[in-house]
Structures are given as structure tokens and as C-alpha cells.
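Working notes, beginning with the structure itself.
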Amino acid sequence: MTLQFSNIGQRIAQGSGIGELMDDLGAALATGDPDIKMLGGGQPAQIPEVSEVWRKRLQEIAADTVASTKFLSIYDPPQGNPAFVKAIASLLRDQFGWDISEENICQTSGGQTAFFYLFNLLAGEMPDGSHRKILFPLVPEYIGYAAQGLDKEMFRAFRPEIEETGPHEFKYHIDFEKLEVADDVAALCVSRPTNPTGNVLTNEEVAHLSGIAKEKGIPLIIDNAYGAPFPNIIFTEEAKPFWAEHIILTLSLSKLGLPGTRTGIVIGPPEVIKALSSMTAITGLANPSTGQHITQKLMESGEILSLSRETILPYYRKKSRIAQQAAHEIFGEKFAWRMHRSEGALFLWFWFPGLPIPTTELYQRLKKRKVLVIPGHHFFFGCDEQDWKHRQECIRVSFAMAENTVREGLEIIAEEVATASGNSL
Ligand code: PLP
């Protein structure tokens, strides 16, 4: 047999940088070596009080014949379970006063699938033969978007402005002076809070982007995987959730501690919701029901809000503070380093200005010492500025793991960066 793959097959079925990296992380974990410091993945922490809520819900469902049949044995409509969709619409209306109803909401198999559908729905080859693109107003952006385009060169991105915000601290901003939204742009897309940096775009930046998108007659996609109202991993109080008729907002149950249920939620214009539901029917018939059934009662009662606000947010905020403090203690003034201001999500984003080796090499050296991080260049897709050295000077470090694991990992990172900088500790 001479097996051949189609163009689309070649694009998405023959591996990707991130796929290899995820295999690497998975293989390291599979060894079961207790010395491995896994600071690379996007795995949410196991928060005991939250895990207990999910265990209780599973017990309630298992004890109820009707609920357990719905949980396991019924195909939902492709848009999602109607009661769950209704609960989300009420929650967002009550919480934020947004003018939305069930026709603005659908479920997908995780946020990741929502992006695959959205990007390929809006961009790529158009009926008139032209090609449209998704524009990221600021990179670094979420690595999981990078290989999702079914058409070639589907993404365009812009380099940010860098503001020094404190000792060893900086923040990326959208460079609106340089941002050009050409006529071939199908949609703008941002994650807020941003994976990998923990950046939370300011209310002004979001309003400005929304204005540009509205004027151009295109959607602004806001990836709210870590945002409000759940899981609410946002440390800056001034950041407000945003909605308008041309916004497509995505939510996920993953960072509530339920990534295994594969539950994403999209809020958008009715014609987009209809299109996504059709894509679900064609590719998968229906979506997983388990996450919807586990959380539906909490969505209806509003308990999801208190769980996010009172348990999940303080848990990650504390972990972020401890990790930042450890970085200051351990890195000190031993070499040039900066950390993006930690405003949300699960990661610290370190920048080593002038690092003599690329972070791909630093990644390999750290891996040899059993510390797994993500080298930063993967997050700079869509932006082909070869002379921009910054792309090879950053790494993403998760702080969701145990405190001593993060600390020991940072100590080894410090040793390797110091050695690479010709400044052995
Ligand atoms: N968007 C962002 C910014 C993420 O970090 C992730 C996962 O880590 C996703 C989307 C996809 O999450 P899921 O498919 O688990 O909902």
C-alpha cells in the first residue's frame, strides 16, 4: 500500500511542534520518575475543595437513575444540552446584564475544538477564491492555535509593545500604532487572560479592538478559558468581561478542574452558533454530556460563581505570589531576567534578555536535568520577524504544581541560565 495524505491531512495529521512537545511532556510523566519537575503542561491544579464538589456531583448522579441515564446514555442535540445552554444564558444575563439568549450559545468538545471550528469557519479559502486570515493583535499567544488552520498561512500576528512595570517585571501591550487590520482579515482573536504570559488585556485595549472589529464588520474572538465568570483566574480587579453583538466569547470547564469532560462553551451571534452546531453534527454528532450534567446545577444556582471567586481564584493567586517571590529570591541579580506581570492564568512567563543560547537549547538542557518547561518561540506564530531575538529568550513555567516542585525547578532554571550566560553559580 502506498498511503498518501491529502493537503489537509498533511497539515494537521503529521505532527506539529506542539504535538512533539506534548509527547515529550507525556513521555517524561509516564516514566513515573518522582524527580521530574513538570512545569510545562497546562494541567489545572487538583484543588481538594473543588475536586470534592465534583466527586459529590458524581455520587448524586450515580444514585439517580434518570440523571445517570442522561449522563451516559443519551445523545444531546449538537448545540448542547438544552437545559445547560439555558442555564449558561441565564447566568451570563444575571451576572453581567448581557442581552443574550439560548440562540447565542453552543457547546463544543473543549475550547480547543471551538477554535478549530471558528478559525476554519471564518478564515481560509473563501467562495470568491480569496484567502482570509485570523489576526492576533499581540503575540505571544496560545500555542494551541498555531497548527489549527486547514488553509495555508491562515494566521497573522503583531509584535507587542513592552512596558517595564517594576523590578524584573514587564507587561505586553497591543501596539495600536503598528496594528494593521487589512481587508483580508476575517476576525481578530485574543486570549484574556493570555496563555502563556498571564497578561490580561486592559479594558481600554479590549474596547479599542472591539471598535476596530465593529468598524471592519468582523468578529473579535475572546478566549476566556481562564476568565470570568468561571474559572475566574484573574488577579486584576479592574478587568471587566466584555460582550457585544460582534464578539465571540469562549469559555471552558477545563480550568475548573474538569479537562477530562472536554466541555467548551461558545457565546456568539446566532448564525455562528448555528454553524458551529452543524460542524459538531458533521464531525462528532454530539458533544460529551458529562461536564454539562456535572455542572448544570451549579450554573443554575450560581454556586459556580462562589466556587470560582472564593476557592479557585484565591488558590491560584496565592500560588502565583509564592512562585513570583521564589523567582525573585532564586534569580536575584545573578543574570538578566524579567517576568511578565502575573495578572491571571496558571503560568509565569520569563524573559532572559541577551540569553546567549536560544530557549530551544535551554529547554533541552533543562530536560536533561528533569525540569520541563515550554520554550517560548512556539507562542510567536504568525509573526515572521526573524531579527526579533525576544522570541528566543522566553520560557513558560506553570505554577499549578506543588510549591516545592516549582521552587526546585526555578533553582535548576537559575543554574542553567547562569551557566549559559557565562556566570556559573
Ligand atoms: N484556550 C486557552 C488559552 C488555553 O490555555 C486552553 C487550554 O489550556 C484552551 C483554550 C483549550 O482548553 P480546553 O480545550 O481544555 O477547553
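For the numbers below, each heavy atom of this structure counts, side chains included, while hydrogens, waters and symmetry mates do not. Indexing begins at 1, ligand by ligand and atom by atom, following the structure's order.
For ligand 1, the atoms closer than 4.0 angstrom to any heavy atom of G110 are 14 (O), 16 (O). With ligand atoms numbered from 1 in the order given, ligand 1 contributes 11 (C), 13 (P), 14 (O) to contacts under 4.0 Å with heavy atoms of Q112. Under a 4.0 Å criterion applied to the non-hydrogen atoms of S252, ligand 1 contributes the atoms 13 (P), 16 (O). Heavy-atom proximity to G111, at under 4.0 Å, picks out these atoms of ligand 1: 13 (P), 14 (O), 16 (O). Each of the atoms 7 (C), 8 (O) of ligand 1 lies under 4.0 Å from some heavy atom of K255. The ligand atoms of ligand 1 that sit less than 4.0 angstrom from a heavy atom of A225 are 1 (N), 2 (C). Ligand 1 places these atoms under 4.0 Å from at least one heavy atom of R262: 13 (P), 14 (O), 15 (O).
H390 and W388 have parallel rings, their planes meeting at less than 30° on a 0 to 90° scale where 60° marks the start of perpendicular. Taking the six-membered ring where the residue is Trp, W349 and F380 present tilted rings, their angle falling between 30° and 60°.
For atom 2 (C) of ligand 1, the nearest non-hydrogen atom from the set L346, D223, N195 comes from D223.
To the nearest 0.5 Å, atom CD of residue E245 and atom NZ of residue K214 are 8.0 Å apart. Note that CG of L410 and CD of Q324 are 11.0 Å apart. Values are rounded to the nearest 0.5 Å.
For R396 and F347, the positive end sits near the middle of the six-membered ring, less than 6.0 Å away and at most 45° from its axis.
Under 4.0 angstrom from ligand 1, the non-hydrogen atoms of Y226 all belong to its side chain. Only the side chain of S254 comes within contact range of ligand 1, with a heavy atom under 4.0 Å; no backbone atom does.
Pairing each heavy atom of R309 with each of P314, the nearest pair is O-CD, 3.2 Å.
A donor-acceptor pair under 3.5 Å links the side-chain atoms of E343 to the main chain of V200, judged by distance alone.
Remark: aromatic rings of Y316 and Y226 are distant, center separation not under 6.0 Å.
Given atom 9 (C) of ligand 1, the protein heavy atom at minimum distance is Y142 OH, 3.5 Å.
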